[in-house]
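Counting begins at 1 with the first residue of the sequence.
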Amino acid sequence: DQLNMNGKQRMVETFSGDSLDTDRWNTTNVNGSNTFSMADSVDGGFQLTTAGADSNSGTINFNNIRHFSATGAVMISVWKKDIVNCAGVTGFKNATGAIYPTSQCAYVRNGSTSSYVELLSGAGTVTSETDSTTATSQAFHNYKIELSSDVKLTYDGTLIITKTDHTPSSALQPFTGIQKRSGAGTAILNNRYMECYNT
C-alpha cells in the first residue's frame, strides 16, 4: 500500500492483512450500526456488512482528505455485493456522509432501483445518473472510473459509459460503500483492490 506524495498522487490498497489501515481509511455509519472488518475468506478483502434494517448503509473514505483531481484522475477497483436487494457504490466524492453523494462526485452503482450498472456524477448540488446495458451482478468485477472533461466507466475491461453532464470540478477523495434495500438479513460488500492516481 502506498500514497506517493511526490509529483502525481497515487494510492494502491490491497485490502489485505489483519485490519483496515485506519491511518488512511475512515469508516462512516451512514444509517444504522454496520460492521467493518477483514473478510474471513480467501481473497475476500475488506468487508462492509450492513445492519439488518432496510436502508442501513456504511462507507469507507479518506475522512475528507481530497488528493485527487476532478478533471484528471483514475480509480480502479475490484469488488462485489452479495445479494440482489442492495446497492454497492465505489468512486470519488468530496464529503464523508451520504451513501449516494449529491454534490461533487463520480461513482459507479451496482444495484438499487436499476437493473443495470450505473454511473453517477455531480457538480455543485446537482447529480445525475446514466444506466449502462450491463446487468447488475453479485460477482467480483473490475470497475475503472476515469475523470477528465467527461467521466468514463469501464467494466471488466470494456468501456460501457461516457458521461458528459454534471461532471465534478473540485478535489475528491475515494470511497466505497453499501446500502441494504429490502428483505431479511444483511447486505455485504467485499473489496479486493483499489488504485487511485492523478493523471
Between Asn190 (side chain) and Gly44 (backbone), is there a donor-acceptor pair under 3.5 Å? yes
Is a side-chain N or O of Gln173 found less than 3.5 angstrom from the main chain of Asn64, in a donor-acceptor match? yes
For Gly72, is there any backbone N or O sitting under 3.5 Å from a side-chain donor or acceptor partner on Thr199? yes
SB check Glu129 Lys163 (cutoff 4.0 Å): no
Test your reading of the model: is there a side-chain donor-acceptor pair from Thr127 to the backbone of Thr102, 3.5 Å cut-off? yes
Establish whether Tyr100 and Leu119 are linked, either directly or via other cluster members, by ILVMFWY side-chain heavy-atom contacts under 4.5 Å. no
Do any N or O atoms from the side chain of Asn61 and from the backbone of Phe175 form a donor-acceptor pair under 3.5 angstrom? no
Is a side-chain donor or acceptor of Lys144 paired with a backbone partner of Leu153 at a separation under 3.5 angstrom? no
Thr50 side chain to Ala187 main-chain N or O, any donor-acceptor pair under 3.5 Å? yes
So, does Asp82 use its side chain to make a donor-acceptor pair with the main chain of Ile188 at under 3.5 Å? yes
Among pairs that include at least one residue of residues 112-126, which meet salt bridge (Lys or Arg N to Asp or Glu O under 4.0 Å), considering only residues two or more places apart or in two chains? Arg109-Glu118
Taking the six-membered ring for Trp, are the ring centroids of Phe62 and Trp25 within less than 6.0 Å of each other? yes
